[in-house]
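Worksheet: the structure to be examined is printed underneath.
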Amino acid sequence: MIKDKIMNGQFSIEGKVAIITGAGGVLGGSIAKSFVEAGVKVVALDIRQEQLDIRIKELTAEGGEAIGIVGNVLDIDSLEEVSKQVVAKWGRIDILLNIAGGNTPKGTLAPDQAFFDMPVAEWEKVTSLNMNGTVYPSMVFGKVMAEQKSGCIINISSMAAYSAITRVPGYSAAKTAVSNFTQWLASEMALKYGDAVRVNAIAPGFFIGDQNRAVLINPDGSLTDRSKKVLAKTPMGRFGDITELNGAVQFLCSKAASFITGVVLPVDGGFSSFSGV
Ligand SMILES: NC(=O)c1ccc[n+]([C@@H]2O[C@H](COP(=O)([O-])OP(=O)(O)OC[C@H]3O[C@@H](n4cnc5c(N)ncnc54)[C@H](O)[C@@H]3O)[C@@H](O)[C@H]2O)c1
């Protein structure tokens with residue numbers, strides 16, 4: 001019956017268990033909300049306890065299933081502990097969203113600052129969080145997926161991985177590494193486990209978040225010169241709304257994407273397609 005087929009929609013992710021790193025943040029929070037609304041059991045993982053408390057209140061307010069666990073994506077022991085807790089509670093790990101990441105204010109070169117004066121400590125912080133912070137959770141939670149012969153990992157790349165974006169050298173290098181790692185791990189998993197464990201990424205275009213608000217929006221609410229350049233190269237002519245990432249993530253985690261692995265899907269209003277001319 002058509003009705004049964006509609007109900008069993010191949011885009012459904014209902015009943016899955018998902019770990020979302022960086023769930024205390026803007027993008028992670030939005031995707032976590034869309035996941036509980038899709039019937040997913042969500043493990044919100046973040047380094048900030050107080051932010052997690054707020055998030056879990058939001059996620060469970062209307063009956064969503066979610067727990068918050070404080071963890072550090074750069075600490076394998078901390079991730080092993082999370083893995084044990086999740087498997088003890090829900091028996092499996094179906095989905096890993098590697099969302100913890102981003103830039104730091106000092107990781108962005110000032111307009112008049114030379115590359116030669118780049119603070120090396122910030123370079124190390126930003127490259128480690130975005131690159132190792134994707135690799136380490138994939139090692140720990142991906143192992144559970146390989147053992148249970150099913151799972152799906154989604155990483156977060158960036159427009160900075162396609163062509164150069166000024167002033168953010170560490171972030172650009174690390175997100176390029178995330179795109180490459182997505183292809184590498186997808187190949188590795190498929191060669192070893194067939195279609196059991198898929199690995200993909202999304203590459204968000206420009207969304208106003210806590211980390212980039214100051215470089216995109218002036219204190220009086222007007223657009224900075226940088227955001228005018230962004231919009232000029234975005235054929236849709238606007239910033240994204242963070243909720244516009246949710247569908248792409250759900251699709252890549254669903255049965256509808258069962259033959260898709262190793263892709264980096266831009267969600268960018270056309271930014272990565274357009275030469276600007
Ligand atoms: N906002 C955008 O426009 C945009 C665009 C492209 C890509 N991204 C990417 O999306 C992701 C999320 O961005 P956001 O804007 O939501 O950032 P955000 O700062 O709001 O959220 C990041 C979260 O990660 C957590 N975190 C930081 N270090 C951690 C660690 N070591 N262990 C565990 N958690 C840690 C933070 O506490 C925070 O809650 C990042 O990878 C970012 O690079 C964002």
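Every number for a ligand or one of its atoms is a count from 1 in the order of the listing.
- Between Thr261 and Val263 the shortest side-chain heavy-atom distance does not fall below 4.5 Å.
- Residue Gly25 places at least one N or O, backbone or side chain, under 3.5 Å from an N or O of ligand 1.
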Q: Verify side-chain contact (heavy atoms from CB on, under 4.5 Å) between Phe35 and Ile13, making sure each step is shown before the conclusion.
A: CA-CA 8 Å; Phe35 265 37; Ile13 51 173; 3.7 Å; yes
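- Every atom of ligand 1 with a heavy atom of Asn72 under 4.0 Å away is listed here by number and element: 30 (C), 31 (N), 32 (N).
- In the hydrophobic clustering of ILVMFWY residues, with side-chain heavy atoms under 4.5 Å counting as a link, Ile56 and Ile54 come out apart.
- Looking at Leu129 next to ligand 1, no N or O pair under 3.5 Å apart turns up.
- Atoms of ligand 1 lying under 4.0 Å from at least one heavy atom of Tyr171, given by number and element, are 6 (C), 7 (C), 8 (N), 9 (C), 42 (C), 43 (O).
- Residue-ligand proximity: Arg48 is placed with a non-hydrogen atom under 4.0 Å from ligand 1.
- Residue contacts with ligand 1 do not include Ala203, since none of its heavy atoms lies under 4.0 Å from the ligand.
- Proximity of the aromatic rings of Phe239 and Phe207 is defined here by a centroid distance below 6.0 angstrom, and this criterion is not met.
- A distance-only check finds a donor-acceptor pair linking the side chain of Ser138 to the backbone of Thr134 [under 3.5 Å].
- Below 3.5 Å of separation, one finds no N or O of Gly28 facing any N or O of ligand 1.
- For the pair Glu80 and Lys143, the salt-bridge criterion is not met [side-chain N within less than 4.0 Å of a carboxylate O].
- Remark: ligand 1 and Gln51 share no N or O pair separated by less than 3.5 Å (distance only, no angle test).
- Residue Pro204 has no nitrogen or oxygen atom sitting less than 3.5 Å from a nitrogen or oxygen atom of ligand 1, judged on distance alone.
- Which parts of ligand 1 touch Ala100 is read off a 4.0 Å heavy-atom cut-off, strictly below it: atoms 24 (O), 34 (N), 35 (C).
- In this comparison of Val73, Ile47, Leu79, the heavy atom closest to atom 34 (N) of ligand 1 sits on Ile47.
- Counting only heavy atoms from C-beta outward, the side chains of Val73 and Tyr136 never approach each other to under 4.5 Å.
- What you find for Thr21 and Ile99 is that their closest heavy atoms are OG1-N, 2.9 Å.
- Under a 4.0 Å heavy-atom criterion, Gly102 is in contact with ligand 1.
- Counting only heavy atoms from C-beta outward, the side chains of Ser258 and Asp195 never approach each other to under 4.5 Å.
- Ligand 1 lies less than 4.0 angstrom from a heavy atom belonging to Lys175.
- Shortest non-hydrogen contact noted between Lys233 and Gly276 is CG-CA, 4.4 Å.
- Using a 4.0 Å cut-off between charged nitrogen and carboxylate oxygen, Arg92 and Asp94 count as a salt-bridge pair.
- Proximity of a side-chain donor or acceptor of Ser227 to a complementary backbone N or O of Leu216 within less than 3.5 Å is detected.
- Those atoms of ligand 1 with a heavy atom of Gly205 less than 4.0 angstrom away are 5 (C).
- Under a 4.0 Å criterion applied to the non-hydrogen atoms of Ser157, ligand 1 contributes the atoms 7 (C).
- Taking every non-hydrogen atom of Gly71 and a distance limit under 4.0 Å, the qualifying atoms of ligand 1 come out as 32 (N), 33 (C).
- Below 4.0 Å from some heavy atom of Ile156 lie the following atoms of ligand 1, by number and element: 7 (C), 9 (C), 10 (O).
- In this structure, Ala23 does not count as a contact residue of ligand 1, since none of its heavy atoms falls inside 4.0 Å of the ligand.
- Closest heavy-atom approach to atom 37 (O) of ligand 1 among the candidates Asp46, Leu45, Thr134, Val178: Asp46.
- Between Lys192 and Glu188 there is a salt bridge, with a side-chain nitrogen of the basic residue lying less than 4.0 Å from a carboxylate oxygen of the acidic one.
- The atoms of ligand 1 that sit less than 4.0 Å from any heavy atom of Ile99 are 11 (C), 12 (C), 40 (C), 41 (O).
- Considering backbone and side-chain N/O of Phe207, one or more are found under 3.5 Å from N/O of ligand 1.
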